[in-house]
Amino acid sequence: MKIRNRLNPSNPCFSFEFFPPKTDEGVANLLRTLEDLAPLEPGFVSVTYGAGGSTRDRTLELVTRIKQQTGIEAMAHLTCVGHTREELRDVLQRLADAKLDNVLVLRGDPPQGQTTFQPTEGGFSYASELVQFIREEDFNFCLGGACYPEGHVETASRDDDLRHLKAKVDAGLDFVVTQLFFDNAFYFDFVERARRAGINIPIVPGIMPITNYEQVQRFTRMCGATVPMRLGLQLERVKDQPEALVQLGVAHATVQCMELLSRGVPGIHFYTLNKSPATRMIVSALRAHL
Ligand code: FAD
């Protein structure tokens, strides 16, 4: 199933993102988690692509097993980091051979210890180049990409970032998923600017339920997402009370999602961080209101 056919404001789909666990036991746990999530009827799930080594094979293994064992559509993320174009072609061929229909195409972050992204010799500098390559090679994938309502951390200006996004979309993307945000105003403003710039594909909001204080600090530092002042104060107040913190995180994300749905988003993508209970609570509440 091509994800672009599931993204529909009159019947929005929920999707869940996971990262590949490091151990076989972790993989088995994740597959069990997915069986628990299946009754929520996710439109698709996606599995991130690591910085290198064996976790990359696990991404491929997991998406294949998820699709075969649970019947849920599974999308692999793929980055340019450390890959030549021949290696990328091989990965894409393996995904095609496993009958996977969707790929989230990314440039990737600089590997740990490096501050700027260095393209691999014989590889690509930007996600748009990989998108173009996949289209030229005649793979029949539905392609997603990343976008940034608050601007990508490396960009000099939001206008530049939007121009680069337009080039990436024109290279052959079918939909984009946003970086996480905690204030819907960023999303609505971004969609408006994207439409004005001629970007007409679905823009799926990415939501991360907060379940851990230190983690949210780390993530927002890394990706530049703003924590609204009121939410920041509330988090500060419950940072040492794990249950209250999860309740606050779930409540905030639920309110965000309700507003997004009421304003016609084509779907909502949840950054689960492999912790499904929070996502399950939110999606159950939303389903009751749909
Ligand atoms: P690009 O679209 O290539 O953009 C990167 C930067 O280059 C931007 O600042 C852009 O404005 C600029 N740029 C683009 N084109 C040009 C140009 N022609 N000239 C000059 N500047 C240009 N990371 C992982 O490692 N694994 C994952 O699985 C993963 N999954 C993600 C999923 C989502 C939904 C999101 C939002 C992010 C994900 N990331 C993942 C993080 C992502 O790899 C980083 O944000 C990375 O820094 C940028 O990737 P990109 O594909 O957006 O890059």
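The figures here come from the full heavy-atom set of this structure, side chains too, leaving out hydrogens, waters and symmetry mates. Note that ligands are numbered from 1 as they come in the structure, with each ligand's atoms numbered from 1 the same way. Please read these numbers as outputs of a predicted model, since none were measured by experiment.
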Under a 3.5 Å cutoff, is there a donor and acceptor pairing between the side chains of [X] and [Y]?
X	Y	answer
Asn29	Glu25	no
His269	Ser15	yes
Thr120	His83	no

Non-hydrogen atoms of [X] versus ligand 1: any pair closer than 4.0 Å?
X	value
Phe19	no
Asp109	yes
Ser128	no

Ignoring hydrogens, just give me the one of Asp161, Thr155, Leu130 whose non-hydrogen atom is nearest atom 10 (C) of ligand 1. Asp161

Regarding atom 43 (O) of ligand 1: of the candidates Cys223, Gly108, Ser157, Gly50, which has the closest heavy atom?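 Ranked by closest heavy atom to atom 43 (O) of ligand 1, first place is Gly108.
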
Show the nearest heavy-atom pair for residues Pro111 and Val81, with the distance to one decimal. CG-CG1, 4.0 Å

Atom of Arg195, atom of Pro202 and distance for their closest heavy-atom approach: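 Closest approach of Arg195 to Pro202: NH2-CA, 4.4 Å.
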
Atom CD of residue position Gln112 - does it have more than 12 heavy atoms of other residues, nucleotides or ligands inside 6.0 Å? no

Is the number of heavy atoms from other residues, nucleotides or ligands under 6.0 Å of Glu86 CD greater than 12?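 Yes, the 6.0 Å shell around CD holds more than 12 heavy atoms from other groups.
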
For [atom], grab the closest protein heavy atom and report residue, atom and distance to one decimal in Å.
atom	value
atom 35 (C) of ligand 1	Ala146 CB, 3.6 Å
atom 33 (C) of ligand 1	Tyr271 OH, 3.8 Å
atom 26 (N) of ligand 1	Tyr49 O, 2.9 Å
atom 13 (N) of ligand 1	His164 ND1, 3.3 Å
atom 30 (N) of ligand 1	His77 ND1, 3.0 Å
atom 5 (C) of ligand 1	Arg107 NH1, 3.7 Å
atom 8 (C) of ligand 1	His152 ND1, 3.2 Å
atom 20 (C) of ligand 1	Tyr126 OH, 3.2 Å

Is the contact between [X] and ligand 1 made by the side chain, the backbone, both, or neither, using heavy atoms and a 4.0 Å cut-off?
X	value
Leu104	side chain
Lys168	side chain
Leu106	both

With a 6.0 Å cut-off on ring centres, are Tyr187 and Phe181 close enough? yes

Heavy-atom contacts with Gln179 under 4.0 Å: which atoms of ligand 1 show up? List them by number with element.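 Checking each atom against Gln179, I get 36 (C).
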
For Thr79, take its heavy atoms, then give the atoms of ligand 1 lying under 4.0 Å from any of them. 24 (C), 25 (O), 26 (N)

Under 3.5 Å, N or O to N or O, is [X] touching ligand 1 that way?
X	value
Tyr148	yes
Thr48	no
Thr178	no
Ala127	yes

Could you measure the distance from the CZ atom of Arg163 to the NZ atom of Lys166? Nearest 0.5 Å is fine.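 Atom-to-atom, Arg163:CZ and Lys166:NZ are 12.5 Å apart.
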
Mark yes or no for whether Asn274, through its side chain, and Phe18, through its backbone, hold a donor-acceptor pair below 3.5 Å.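 No, Asn274 side chain to Phe18 backbone: no donor-acceptor pair under 3.5 Å.
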
Check whether Glu259 reaches the backbone of Asn184 with its side chain - one donor and one acceptor, N or O, closer than 3.5 Å.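 A pair under 3.5 Å: no.
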
Over-ring placement of Arg107 relative to Phe117, 6.0 Å and 45° cut-offs: yes

Parallel, tilted or perpendicular, judged at 30° and 60°: which one describes the rings of Phe270 and Phe16? tilted

